[in-house]
Amino acid sequence: MTHLDGNSLAGVLSELFRFDPTTASARCAGCGAIDVLARAMVWEGTPGTVVRCASCDNVLATIVESDDKLWLNFSGITAVEVRR
Amino acid sequence: MLSAGPTPHIDTAEWEFSIVPESGEPRTWSWEQLMAEKIEEVTTDIHCVTHWTKLGTTWRGVSLDTLFADVETSQDYVMAHSYGGYTTNVPLDELLNGQAWIAFEFDGEPLDPEHGGPARLIVPHLYFWKSAKWVRSLVMMADDEPGFWEQSGYHIHGDPWKEERYW
Ligand SMILES: [Zn+2]
């Protein structure tokens, strides 16, 4: 199956962050690659959305959505860089 | 159900399934060895966490009672591992006594990769994310630990009758 790119995360993540997170850079905990989140590989589906590193396929983050809540797991990211 | 990641395509010639007890000595089945076990037909309802229930689905597979018959363990919890790297946790006593199977057919057809083939775990009395697609091994654990989705928002147990959907 084909995947969307990280730009598809903009709407849902804007509920968690007031900056546009797709322009942020993140460092992959798996391989150390530093890349803008918009270039990550995104699979949307059930049970949730999976965001993987474009360099090594490591899971950077997951997003789970219920009717009234969102969960973000970003344990695959060591740091995020945001422009001021 | 959509898959949340690249869909692994595993040839049955390379497929294997293991149960790993605390001794660390796995009990392993090739595809041919699994097919030589007692195969059961299962008709059951399945419950998706996103509020749908599918009534009377039909599966063929091998009961975990059969597969655990020669496994010695005193540990109470299981982590199911899948090809592709996903994990989900289930208590052992919810996998035995006719409650769970390694299934390789759905509604009379071989399970395709999108639906978890060549074989998936089915645990119909729990929410369907516990029915691990592309199952590769069941590893015994002394304590209950959350799997991939249970670490990230989903309920550690997942009983539909108690609506155990999320944390
Ligand atoms: Zn990486």
Side-chain angles (χ1 to χ4, degrees), chain A residues 1-17 21-22 26 28-33 35 37-78 80, chain B residues 1-9 46-54 80-90 112-117 120-123 126-134 145-160 162-167:
Chain A
M1 79 188 267
T2 58
H3 59 79
L4 306 175
D5 69 25
N7 288 301
S8 62
L9 300 172
V12 67
L13 284 190
S14 68
E15 292 179 43
L16 288 154
F17 296 124
T22 63
C28 171
C31 72
D35 207 346
L37 198 55
R39 282 194 8 99
M41 302 182 292
V42 177
W43 279 268
E44 292 184 334
T46 316
T49 295
V50 178
V51 186
R52 289 178 181 268
C53 173
S55 300
C56 78
D57 205 39
N58 174 53
V59 177
L60 296 171
T62 61
I63 300 162
V64 169
E65 299 180 63
S66 74
D67 294 341
D68 59 348
K69 286 182 197 156
L70 279 178
W71 291 262
L72 172 64
N73 177 333
F74 48 91
S75 56
I77 293 172
T78 58
V80 175
Chain B
M1 277 210 168
L2 299 171
S3 54
T7 300
H9 289 75
I46 55 177
H47 310 279
C48 184
V49 70
T50 54
H51 299 277
W52 56 257
T53 291
K54 202 165 181 179
H81 293 255
S82 295
Y83 288 93
Y86 291 95
T87 56
T88 193
N89 59 302
V90 187
D112 60 43
E114 289 289 324
H115 293 98
R120 72 182 297 165
L121 178 66
I122 57 165
V123 194
L126 297 178
Y127 278 123
F128 210 49
W129 89 80
K130 294 286 188 182
S131 293
K133 292 176 171 181
W134 317 296
E145 290 170 29
F148 182 86
W149 289 110
E150 294 86 0
Q151 291 172 37
S152 306
Y154 280 90
H155 197 279
I156 194 160
H157 183 221
D159 184 341
K162 298 178 187 161
E163 304 214 23
E164 293 173 339
R165 289 188 167 87
Y166 306 101
W167 293 351

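Sequence lines set the chain letters: A, B, ... in the order given, protein chains first and strands last, and positions in each chain run from 1. Everything quoted here is computed from the prediction, not taken from an experiment.
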(Q) With heavy-atom distances below 4.5 Å as the criterion, would you say the side chains of A:Thr46 and B:Trp149 are in contact? (A) no
Q. What do the steps show when you test B:Tyr154 against A:Thr62 for side-chain contact (heavy atoms from CB on, under 4.5 Å), and what is the final call?
A. CA-CA 11 Å; B:Tyr154 280 90; A:Thr62 61; over 6 Å; no
Q) With only heavy atoms counted, which part of A:Val59 is less than 4.5 Å from chain B, the side chain, the backbone, both or neither? A) side chain
**Q.** side-chain hydrogen bond (donor to acceptor under 3.5 Å, both in side chains) partners for B:Glu163, two or more places apart
**A.** B:Arg165
Q: Could you tell me the separation between the OH atom of B:Tyr166 and the CG atom of A:Asp68, rounded to the nearest 0.5 Å?
A: 9.0 Å
**Q.** Partners passing side-chain contact (heavy atoms from CB on, under 4.5 Å) against B:Glu145 (at least two apart in sequence or in another chain)
**A.** B:Met79, B:Met141
Q) With only heavy atoms counted, which part of B:Tyr127 is less than 4.5 Å from chain A, the side chain, the backbone, both or neither? A) neither
Q: Measure up the B:Trp167 and A:Trp71 rings against each other and bin them: parallel (under 30°), tilted (30 to 60°), perpendicular (over 60°).
A: perpendicular
(Q) With chain B as the partner, which of A:Val64, A:Val42, A:Asp67, A:Thr2 has the greatest number of non-hydrogen pairs under 4.5 Å? (A) A:Val64
(Q) Restricting to non-hydrogen atoms, name the atom on B:Ser152 and the atom on A:Asn73 that form the minimum distance, rounded to 0.1 Å. (A) OG-ND2, 2.9 Å
